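A, B, ... follow the sequence lines: proteins, then strands. Residue 1 opens every chain. Every value quoted in this text rests on a predicted model; they were computed, and no experiment measured them.
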Amino acid sequence: MTDSFSITDLAREFDVTTRTIRFYEDQGLIAPDRQGQTRIYGQRDRVRLRLIMRGKRLGFALKEIRDLLDLYETDRSEITQLTILINKIDERRDTLRKQRADIDATLEELDLLEENCQQELRRKSG
DNA sequence: ATTCTCACA
DNA sequence: TGTGAGAA
C-alpha cells in the first residue's frame, strides 16, 4: 500500500509524462508488475527511475543507462560494476570536452567574421 | 484514467 | 528521445 505506485504517481514525482515512463519501459529500462494490464510500480522501479533521471542529467544515452542498470541487478561484485561506470564517466567527459572545443572554435570563427564585417563597415561609411 | 499502436520530428 | 492521436 505504501510501496506501490501508479504510473501517474511516478510521472508527477519525476516530472515526466506517463508516455515517457512507458517509453522507458519499451526501451527496457524498467519492468513494472501488472495488475491485468495496468502497471504497478514498486520501490525498485522508483529507484530505477531516479537513477534514470540522474543518468539523463549527466547526458548518458538511454541504452547506456539501461546497461548500467542491468549491471546493478546482475553483477554481485560491485568492483566490475564500478569500473564500468568509471569508464562511462571518462567517456562522457571526453565527448563534453570535444563539444566544448567545437564551441570554442565556432566562437572564434564568429569573432573573426565580425571583425571583418566591422572593418568593411568602417571602409564603406567612414 | 490506462493501455496499445502508428506516425512523426 | 520522446510526443500526439485514435480506439478500446
Sorted by chain and residue number, the side-chain hydrogen bond (donor to acceptor under 3.5 Å, both in side chains) partners of A/E114 (sequence neighbours excluded) come out as A/Q118
Under a 4.0 Å heavy-atom cutoff, the residues of residues 38-73 of chain A touching DNA chain B are A/T38, A/R39
Thinking salt bridges, do A/R12 and A/D15 make one under a 4.0 Å N-O criterion?
no
Taken to the nearest whole Å, CD/A/Q27 to C1'/C/dG2 is 9 Å
For A/I84, the side chain to side chain contact (heavy atoms under 4.5 Å, CB included) test, sequence neighbours excluded, returns A/L68, A/L71
Practice problem: Using a 4.0 Å heavy-atom cut-off across all strands, classify A/T8 as base, sugar-phosphate, or nothing. | Solution: sugar-phosphate
- Message: When you measure from the side chain of A/T83 to the backbone of A/I79, do you find a donor-acceptor pair of N or O atoms at a distance under 3.5 Å?
- Response: yes
The side-chain hydrogen bond (donor to acceptor under 3.5 Å, both in side chains) partners of A/D90 (sequence neighbours excluded) come to A/R93
Outermost contacting nts on DNA chain B, any atom under 4.0 Å from chain A heavy atoms, listed 5' then 3', are B/dT2 to B/dC4
The side chain to side chain contact (heavy atoms under 4.5 Å, CB included) partners of A/E73 (sequence neighbours excluded) come to A/R44, A/R48
For residues 95-107 of chain A, the salt bridge (charged side-chain N to carboxylate O under 4.0 Å, His left out) pairs (sequence neighbours left out) are none
When rounded to the nearest 0.5 Å, the distance separating CG of A/L82 from CD1 of A/I89 is 9.0 Å
The correct set of residues in residues 88-98 of chain A placing a heavy atom under 4.0 Å from DNA chain B is none
So does A/Y24 get a side-chain nitrogen or oxygen closer than 4.0 Å to the phosphate oxygens (OP1/OP2) of C/dG2? yes
Interatomic distance, CZ@A/R39 vs CD1@A/I21, rounded to 0.5 Å, equals 9.5 Å
Quick test: give all pairs of protein nitrogen or oxygen and nucleotides 3-7 of chain C nitrogen or oxygen below 3.5 Å, distance rounded to 0.1 Å.
{"unit_1": "C/dT3", "atom_1": "OP2", "unit_2": "A/T17", "atom_2": "OG1", "d": "3.0"}
{"unit_1": "C/dT3", "atom_1": "OP2", "unit_2": "A/T20", "atom_2": "OG1", "d": "2.3"}
{"unit_1": "C/dT3", "atom_1": "N3", "unit_2": "A/R19", "atom_2": "NH2", "d": "3.4"}
{"unit_1": "C/dG4", "atom_1": "N7", "unit_2": "A/R19", "atom_2": "NE", "d": "3.2"}
{"unit_1": "C/dG4", "atom_1": "N7", "unit_2": "A/R19", "atom_2": "NH2", "d": "2.4"}
{"unit_1": "C/dG4", "atom_1": "O6", "unit_2": "A/R19", "atom_2": "NH2", "d": "2.3"}

Sequence neighbours excluded, the answer for side chain to side chain contact (heavy atoms under 4.5 Å, CB included) partners of A/T18 is A/I7, A/T8, A/A11, A/R22
Does the A/D45 side chain pair with the main chain of A/G42, one donor and one acceptor, at a distance under 3.5 Å? yes
Taken in chain and number order and not counting sequence neighbours, the residues that satisfy side chain to side chain contact (heavy atoms under 4.5 Å, CB included) with A/E13 are A/L10, A/R46, A/R50
Anything under 3.5 Å between a donor and an acceptor, one on a side chain of residues 119-126 of chain A, the other on a protein residue two or more places apart or in another chain? List them.
{"unit_1": "A/E120", "atom_1": "OE1", "unit_2": "A/R123", "atom_2": "NH2", "d": "3.1"}
{"unit_1": "A/E120", "atom_1": "OE2", "unit_2": "A/R123", "atom_2": "NH2", "d": "3.0"}
{"unit_1": "A/S125", "atom_1": "OG", "unit_2": "A/L121", "atom_2": "O", "d": "2.9"}

